[in-house]
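These notes concern the structure reproduced below.
Positions are given from 1 along the sequence.
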Amino acid sequence: MTGGKRSEGFTLVEVLVSVLILGIGLLGLAGLQNVGIAASYSALQRSQASWLAAEMADLLRANPEAARAGAYDTSFAEVSGGCPKAGGLTRAQLDLEQWLASVCEVLGGTGSGSVQVVRHGDLTSATIAVRWSERRARDRLATAGDAWETFTYRAGL
């Protein structure tokens, strides 16, 4: 063997640089996870709003006379005081109040619904809208702007 001593292993500087690079990568992954959780929550809310709107369309189709008479028509209610309680004297009132309570509860206490039934001659259609607050997702993503999201569903009756 010629020359001096062979070095084996890593130096302390190499280990510190490796740990620094690994730490920066893990911080990036943590940021991506934060965005992923916010997007997942938003997608869940949108899916639930879609399901709730379709449920109201089914209720309207099950009681077409009352729907055509305007018994289901309602606009967005303020839910800051808590979710409404279900009740009602007629089938249409019971359906509507149970649906509005479900919208509020399923969408985290911030949801509200609107139903408008319109007749065009022999044809009847409904516009069902579900509104909820996206504040949690927007705060997590640090996005400015209105925190309300609205899902609109149109159905023929």
Side-chain angles (χ1 to χ4, degrees), residues 18-157:
S18 301
V19 168
L20 177 69
I21 291 171
L22 181 65
I24 291 171
L26 291 176
L27 284 175
L29 285 175
L32 283 176
Q33 183 179 10
N34 196 25
V35 171
I37 288 171
S40 175
Y41 180 74
S42 180
L44 171 68
Q45 298 287 79
R46 194 169 310 279
S47 295
Q48 289 174 330
S50 171
W51 175 78
L52 288 162
E55 179 185 19
M56 176 47 76
D58 289 341
L59 291 170
L60 293 171
R61 289 184 189 112
N63 195 358
E65 293 82 21
R68 287 186 189 101
Y72 286 91
D73 289 359
T74 186
S75 51
F76 293 116
E78 182 62 40
V79 293
S80 60
C83 294
K85 302 294 180 225
L89 300 174
T90 66
R91 179 68 195 175
Q93 289 173 342
L94 181 63
D95 286 346
L96 186 60
E97 290 180 21
Q98 284 179 339
W99 181 74
L100 289 171
S102 292
V103 168
C104 181
E105 291 167 8
V106 167
L107 295 173
T110 65
S112 183
S114 168
V115 180
Q116 298 300 318
V117 178
V118 180
R119 290 189 72 172
H120 301 284
D122 291 341
L123 301 175
T124 305
S125 66
T127 302
I128 303 160
V130 177
R131 181 179 72 177
W132 69 96
S133 175
E134 277 285 323
R135 186 168 312 281
R136 282 180 37 187
R138 291 185 193 262
D139 288 348
R140 190 179 288 257
L141 293 172
T143 305
D146 187 17
W148 291 100
E149 284 289 328
T150 303
F151 177 82
T152 304
Y153 185 90
R154 290 179 181 82
L157 303 179

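- Side-chain contact check for Glu97 versus Pro84: every heavy-atom pair is 4.5 Å or farther apart.
- In terms of heavy-atom proximity, Gly109 sits nearest to Val79 at O-CG2, 3.7 Å.
- Once rounded to the nearest 0.5 Å, the distance linking OG of Ser40 with CD of Gln33 reads 11.0 Å.
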- prompt: Could you go step by step and tell me if Val106 and Trp132 meet the side chain to side chain contact (heavy atoms under 4.5 Å, CB included) rule?
  reply: CA-CA 10 Å; Val106 167; Trp132 69 96; over 6 Å; no
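- One finds the CG atom of Leu107 at 11.0 Å from the CZ atom of Arg46 (value rounded to the nearest 0.5 Å).
- Side chain of Gln98 to backbone of Gly87: no donor-acceptor contact under 3.5 angstrom is found.
- At distances below 3.5 Å, at least one donor-acceptor pair connects side-chain atoms of Ser112 with backbone N or O atoms of Ala77.
- Counting heavy atoms from C-beta outward, Thr127 and Val118 have side chains that stay 4.5 Å or more apart.
- The shortest non-hydrogen separation linking Asn63 to Ala92 is ND2-N, 4.0 Å.
- Taking CG from Leu27 and CG from Leu32, the interatomic distance works out to 11.5 Å, rounded to the nearest 0.5 Å.
- Inter-residue side-chain proximity for Leu22 and Val19 is flagged as unmet; no heavy-atom pair is nearer than 4.5 Å.
- Taking CZ from Arg154 and OG from Ser125, the interatomic distance works out to 9.0 Å, rounded to the nearest 0.5 Å.
- Residues Leu157 and Ala67 share a closest heavy-atom pair of CD1-CB, 4.2 Å.
- Taking the side chain as every heavy atom from C-beta outward, Tyr72 and Ile128 never approach each other to under 4.5 Å.
- For the pair Ser114 (side chain) and Thr74 (backbone), a donor-acceptor distance under 3.5 Å is present.
- Counting all heavy atoms, side chain and backbone alike, Gly111 lies closest to Val103 at C-CG1, 3.7 Å.
- Within the model, atoms CG of Leu100 and CD of Glu105 stand 11.0 Å from one another, a figure rounded to the nearest 0.5 Å.
- Thr110 and Ser133 get closest at one heavy-atom pair: OG1-N, 3.2 Å.
- Minimum heavy-atom separation, Trp99 to Val115: CZ3-CG2, 3.9 Å.
- Here the straight-line distance linking atom OG1 of Thr150 with atom CD of Glu134 works out to 10.5 Å at 0.5 Å rounding.
- Within the 4.5 Å cutoff, the side chain of Asp95 has no heavy atoms near those of the Met56 side chain.
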